[in-house]
Structure formats: structure tokens, C-alpha cells
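What follows is one structure encoded as C-alpha cells, with my remarks underneath.
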Amino acid sequence: MAGVMVLGLGVGVGCAGGLDAGVGTPEGNLADGGSSRPRCHAPAGFSGSPRSSQDAVALLNALPKPTSAACFVESLDRPLSIFATSSTISAQPALSPRSPRVFLRLDELVLSVAIDGDSSRKIEFSDLIAGDTRSIKGELLLPLSEPVARGALYDGVLSGTGTVCGFCHSNEEPAAMVDFPQAYSSLAFRPNVRYQVPLTTLAHENQVCDRDTEPARCEMLSAIFGGGDVIEARFSEAMTLFY
């Protein structure tokens, strides 16, 4: 594993064979991605460290409305564990290495957001099961103008007798372990390091982002890096490698 690096704070620490790479910036009072609104925080009584899709939906419902994907990312506790990919082979593709797709790892909950483009309006959810080899998937389109039903994220991916996720994620079957008949589980992938965008590269994109010409992109970058330390997410080799 890589050593620890904290950038933007004037500190760098190496630890052989130890911790994940990290990037941090001090938290400001405002969301500096072209918006004058205050940064979003998990309201009292709600966790900023959701550990399941249902916890994440509860947090989304509790945040100020309308709730954007950037607001949700801002509200997550730090350090934030991420993996950025430039891969365009997805229903939520990256636009480029400077505007990648980003996986957020919160233990057995994996969320994904896109930095820019049409896909940046949705959050994808995956609850890892079966030793991280399978996951229960869903998605929500944002912004949310009002709270959504607990099962809405599963409704968003339904297609025929399964889900749109089953096109890439094989061996799809009903997820009997959750209390939603429209939920399905399928093969879980780990992102391919061939397309990984380094944390330092993405942190630099946040620093140089032009908030006048790309306010939405800058807001999402700020949502990731403006609230505290960011570290590199790790995925089990038991998971199937994505293309």
C-alpha cells in the first residue's frame, strides 16, 4: 500500500507497508464550487457515515431540499475513502480523467458519483454481500425536491424481470435478504486500476477548477475535497475485476 500524504496542509508522512494515501484540505464555511450556500452537514440524529443504502437514503431525506449529489457528498464524515476512475464503460461513465467517476467506500456500502455531465445527477448504491463478491444495487436521480420512499432506489433500476444493472453484472437474482421485493443482487466488480485517477490529480483539479465557467463540476470537486481528509479506497481481490 502507498504511504500517507496529506496535501494542502503542509504535511507529508510516509509509513512503510502501512496506511492508504490521503489528501486533505481545510473545511470552509461555504460550498466553494460556485455556490454561496453553506456546506451540507448530517443533521442531528443522522449519521454522516451510512453503512447501508437505507442509511444513505435516510441521510438524503434529512438533508435540506432540494438535495443535490454534491450536498450529500459534503455531508459524509471524513476521512472520505474514494477511488476515481476514468472508465467510460458504465451506465454512469466518466467524462474524462479530469472529470472521473468516483466510488465512495463506506465499509460494505459503496456509492458512486460522477464529477460532471448528465451522470453527475445520480447516485448509485451497492450493498456488498457474500464476502464482497455480490452486491444489491440501486440508484436515485437528484436533486431531490422532497423525501423519497425507502425502496425508491431499487425502483430506479428495474427493467423487466430484473434490473438494468444485470446487463453488466451477471448472475442476477432477487435479494431475499432485504425487505424489498424489487431489490436484486448480482456480481460485484472492483474498479480496474488501469483507469485509476490518482488522488493528487483529482485534488489538483479541485484547486484549479474555474468556478465561473464550470460551477457544477467545481461544486462536486469541492464536495469531495473541501470537508477534510480524503484517502484511497481499497477493494477486495475476491471481487471480480471490472473490464
Side-chain angles (χ1 to χ4, degrees), residues 1-15 18-35 37-64 67-85 100-115 120 123-128 142 191 196-209 211 216-235:
M1 292 186 181
V4 174
M5 284 191 305
V6 182
L7 304 182
L9 300 180
V11 179
V13 181
C15 184
L19 303 175
D20 295 339
V23 176
T25 55
E27 180 176 4
N29 292 325
L30 300 179
D32 58 345
S35 169
R37 64 169 175 78
R39 286 186 67 88
C40 293
H41 295 274
F46 292 88
S47 175
S49 297
R51 290 297 182 260
S52 71
S53 291
Q54 289 304 309
D55 289 345
V57 170
L59 176 57
L60 275 164
N61 283 340
L63 288 168
T67 309
S68 66
C71 175
F72 174 76
V73 173
E74 285 173 4
S75 75
L76 298 175
D77 291 340
R78 311 299 151 130
L80 187 63
S81 181
I82 76 168
F83 184 106
T85 176
R101 182 189 189 194
V102 179
F103 294 96
L104 314 173
R105 181 78 191 258
L106 297 96
D107 291 341
E108 300 309 296
L109 172 63
V110 179
L111 307 168
S112 67
V113 296
I115 295 298
S120 65
I123 299 175
E124 294 193 353
F125 304 77
S126 295
D127 289 294
L128 294 172
L142 282 85
Q196 184 174 11
V197 178
L199 286 184
T200 50
T201 298
L202 198 59
H204 176 71
E205 290 295 335
N206 176 54
Q207 293 170 350
V208 302
C209 195
R211 278 130 176 96
R217 176 176 176 272
C218 296
E219 186 170 27
M220 183 62 83
L221 287 166
S222 174
I224 293 172
F225 289 102
D229 287 351
V230 177
I231 64 175
E232 184 180 330
R234 302 295 182 179
F235 292 86

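Only heavy atoms go into these numbers, but all of them, side chains included; no hydrogens, no water, no symmetry mates.
- The two residues L60 and T67 have their closest heavy-atom pair at O-OG1, 3.8 Å.
- Side-chain atoms of S222 and R211, non-hydrogen and from C-beta on, do get closer than 4.5 Å to each other.
- Taking CZ of R78 as the start and CD1 of I224 as the end, the distance is 8.0 Å to the nearest 0.5 Å.
- Summarising the geometry of E219 relative to A70, their closest heavy-atom pair is CG-CB, 3.8 Å, with the distance given to 0.1 Å.
- Contact annotation: the side chain of L106 never approaches that of S81 to less than 4.5 Å [non-hydrogen atoms, C-beta and beyond].
- With values rounded to the nearest 0.5 angstrom, R101 atom CZ is found 13.0 Å from S120 atom OG.
- You'll find the side chain of L59 reaches within 4.5 Å of the side chain of L76, heavy atoms only.
- Remark: the backbone N or O of C40 is paired with a side-chain donor or acceptor of E74 at under 3.5 angstrom.
- With contacts defined as side-chain heavy-atom distances shorter than 4.5 Å, the pair L202/V230 does not qualify.
- The shortest non-hydrogen separation linking S52 to D127 is CA-OD1, 3.3 Å.
- Heavy-atom minimum distance, A56 versus P50: N-CB, 3.6 Å.
- To the nearest 0.5 angstrom, F72 atom CZ is 9.0 Å from L142 atom CG.
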(message) For V73 and L80: C-alpha separation, side-chain torsions, deciding distance, then whether side-chain contact (heavy atoms from CB on, under 4.5 Å) applies.
(response) CA-CA 9 Å; V73 173; L80 187 63; 4.2 Å; yes
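- In this structure, CD1 on I82 lies 12.5 Å from CG on L111, to the nearest 0.5 angstrom.
- R105 has its side chain out of reach of F83: every pair of non-hydrogen atoms, C-beta onward, lies at least 4.5 Å apart.
- Rounding to the nearest 0.5 Å places OG of S49 at 10.0 Å from CG of D55.
- The minimum heavy-atom distance linking P43 with A62 is given by the pair CG-O, 3.4 Å.
- Using a 4.5 Å cut-off on side-chain heavy atoms (C-beta onward), S53 and L109 make contact.
- In this structure, F103 and P191 approach most closely via the heavy-atom pair CE1-CB, 3.9 Å.
- Distance check, rounded to the nearest 0.5 Å: CZ of R217 to CG of N206 gives 9.0 Å.
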